[in-house]
Amino acid sequence: MIRIANAPCSWGVLEFDLEGETAGFEQVLNEIRETGYSGSELGDWGFMPTEPPALHDELDRRGLEMVGAFVPVALRDAAAHKAGIAAGVRTAKLMRDAGYPNAMIVLADDNGTVASRTANAGRITPELSLTSDEWRVFAAGAAEFARTVRGETGLRTVFHHHCAGFVETAAEVEKLLASTPADSLGLVLDMGHYRYGGGFPEAAISLFWDRIWHIHFKDCSAEVAARSRAGQWDYFRAVKEGVFCELGQGSVDFPAIVAELKRRRYDGWIVVEQDVLPGMGSPRDCARRNREYIRGFGL
C-alpha cells in the first residue's frame, strides 16, 4: 500500500545553517495533518522531541506516523565517519523506541559544504566528481553506516542523492549503488533532485528498482533550472528562486511515475518535499495543493 507523508523541509526546516525563522514542530505537524498527510519525517535533530515517549505522543495525538529521518555525513572524509554513524544510530534509536521500527534512516552527503558542488548544483561535470580513492572512502563509509545502524537498531538505511553534494547525477547514483551492498543500503529516489541533476526519474525507477526502498516526491521547474544554469546560480539561489516548485508545475513526469509505481506494486511511503528556504511562501497552502495533486492519481 502506498501512503503519503510530508516533511519539515517543506516548511523551510533544512539541514543547512541558514538565516530566517521557521515554524515550530507543533505547527508543522498540525499543518501536515490538516492538509491530508499520514506521516512525517523527523527534520533536524532537536526540531522535534528527542525523548521517545514525547515524540510518540506528539505524532500519535495527530494520527501521524514517523517515516524517516535525514542524517547528513561528510562521507568523502573518513575522519567524519565515526561521528556520522553515531548520529545515525542515535536517530534510529529515537524512532525505534518511539514506536516506529519501520522508519528509514535517510543518509546523505553533507550537502552544501563543498564549494564547487554547491556552486555548480544542477550542472555537475565529471571533473567535479569524486576521485577513485574518494569513491572508495565514500562508498565504504555509506556501507558501514548502513550495516551499523541496522545491526544496532534494526532500522534500514536509504541513500539520498542530493544537489549541492556528492552523488547528484544519474551516473553518480549508479556508481554508488554499484559500490555498496544491495542487502544493506537502499535508495530514496527523490524525483526533483534527480531531475535537477540532469536525470529522468521515471527511467531511474526501472534502473534502480531493486534498491528503491523509499520515495520523495519533489518537482523541478524547467524554467528556473534553465535560468539557474544560464546565470550560474549556486544551489541556494536556485532554491530561493523556486527551482523546486509545486507538484505538477515542473518537468517531473508524475503521471508516468505513478503509473509505473502502481504497475510495480510499490509498497511504502511517498514523502512530499517542496524544499523552501526559511520564511519562503506559504507552506501550508503548498502542502494542501500538493496533496490534492497526488489525490488526482488515486493516492
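From a predicted model like this one, the values you see are computed outputs, not experimental measurements.
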Donor-acceptor pair, distance only, cut-off 3.5 Å: does the side chain of Y37 make one with the backbone of R291?
yes

With heavy-atom distances below 4.5 Å as the criterion, would you say the side chains of I2 and I4 are in contact?
yes

Can T180 and R211 be counted as having a side-chain donor-acceptor contact under 3.5 angstrom?
yes

Quick check: does any side chain N or O of T50 sit under 3.5 Å from a backbone N or O of G46, one acting as donor and the other as acceptor?
no

Taking the side chain as every heavy atom from C-beta outward, state whether R156 and R150 have any atom pair closer than 4.5 Å.
yes

Heavy-atom closest pair, residues Y293 and P255
OH-CD, 4.0 Å

Under 3.5 Å, is there a donor-acceptor pair between the side chain of D60 and the main chain of H56?
no

May I ask you to decide if A79's main-chain N or O and D77's side chain share a donor-acceptor pair within less than 3.5 Å?
yes

Using ring pair (Phe, Tyr, Trp, His ring centres under 6.0 Å), reason through H214 and H160 one step at a time and then give a plain yes or no.
CA-CA 10 Å; H214 199 51; H160 190 330; 9.3 Å; no

Taking the basic N atoms (NZ, or NE/NH1/NH2) and the acidic carboxylate oxygens, is any pair closer than 4.0 Å for R33 and E65?
no

Does the structure place the NZ or CZ of R227 under 6.0 Å from the centre of the six-membered ring of W233, at an angle of no more than 45° from the ring's axis?
no

Heavy-atom pair of closest approach, residues L94 and P52:
CD1-N, 3.7 Å

Do other residues, nucleotides or ligands put more than 12 heavy atoms under 6.0 Å from R61 CZ?
yes

Using a distance-only test with no angle check, is there a side-chain donor-acceptor pair under 3.5 angstrom linking S129 and E172?
yes

Ignoring hydrogens and angles, tell me if any N or O in the side chain of D253 forms a donor-acceptor pair with the backbone of A256 under 3.5 Å.
yes

Ring geometry between H193 and Y235 (parallel below 30°, tilted from 30 to 60°, perpendicular above 60°):
parallel

Do the numbers put R195 on top of the ring of F200, so that NZ or CZ is under 6.0 Å from the six-membered ring centre and no more than 45° off the axis?
yes

Distance-only, no hydrogens or angles: does the D109 side chain make a donor-acceptor pair with backbone N or O of G165 under 3.5 Å?
no

Scan V252, L261, I257 and name whichever one has a side chain to side chain contact (heavy atoms under 4.5 Å, CB included) with E202.
I257

With a 4.5 Å limit on heavy-atom distance, are the side chains of P8 and F47 in contact?
yes

Any side-chain heavy atom of V158 sitting closer than 4.5 Å to one from L185?
no

Should F138 and V73 count as side-chain neighbours, where that means a heavy-atom distance under 4.5 Å?
no

Who are the ring pair (Phe, Tyr, Trp, His ring centres under 6.0 Å) partners of H161, not counting sequence neighbours?
Y194

Got L29 and S40 here, is their nearest side-chain heavy-atom distance under 4.5 Å?
yes

How long is the span from the CG atom in N120 to the CD atom in E168, to the nearest 0.5 Å?
9.0 Å

Gap between atom CD of Q27 and atom CD1 of I32 - 0.5 Å precision:
11.0 Å

Side chains of E41 and H216: do they bring a donor and an acceptor to under 3.5 Å?
yes

For this output row, return yes or no: ring centroids of F254 and F297 closer than 6.0 angstrom.
no

Salt bridge present between R295 and E292 (N-O < 4.0 angstrom)
no

Can you see whether Q249 engages D219 through a side-chain donor-acceptor pair at a distance of less than 3.5 angstrom?
no

Check: R123 side chain, Q232 main-chain N or O, donor-acceptor pair, under 3.5 Å:
yes

Value for CG (L59) from CE (M95), rounded to nearest 0.5 Å, stands at 11.0 Å

Using a 6.0 Å cut-off, check whether atom CD of E174 has over 12 heavy atoms from anything other than its own residue.
no

For the residue pair T118 and T113, what are the closest heavy atoms and their distance?
OG1-N, 4.0 Å

Determine whether more than 12 heavy atoms belonging to other residues, nucleotides or ligands lie under 6.0 Å from atom NZ of K82.
no

For G39, is there any backbone N or O sitting under 3.5 Å from a side-chain donor or acceptor partner on R3?
no

S10 side chain to Q274 backbone, donor-acceptor under 3.5 Å
yes

Got more than 12 heavy atoms from elsewhere within 6.0 Å of CD, E34?
yes

Does the side chain of F145 come within less than 4.5 Å of H81's, by heavy atoms?
no

I205 versus R264: any side-chain heavy-atom pair under 4.5 Å?
yes

Between Y196 and S228, do the side chains contain an N or O donor and an N or O acceptor separated by less than 3.5 Å?
yes

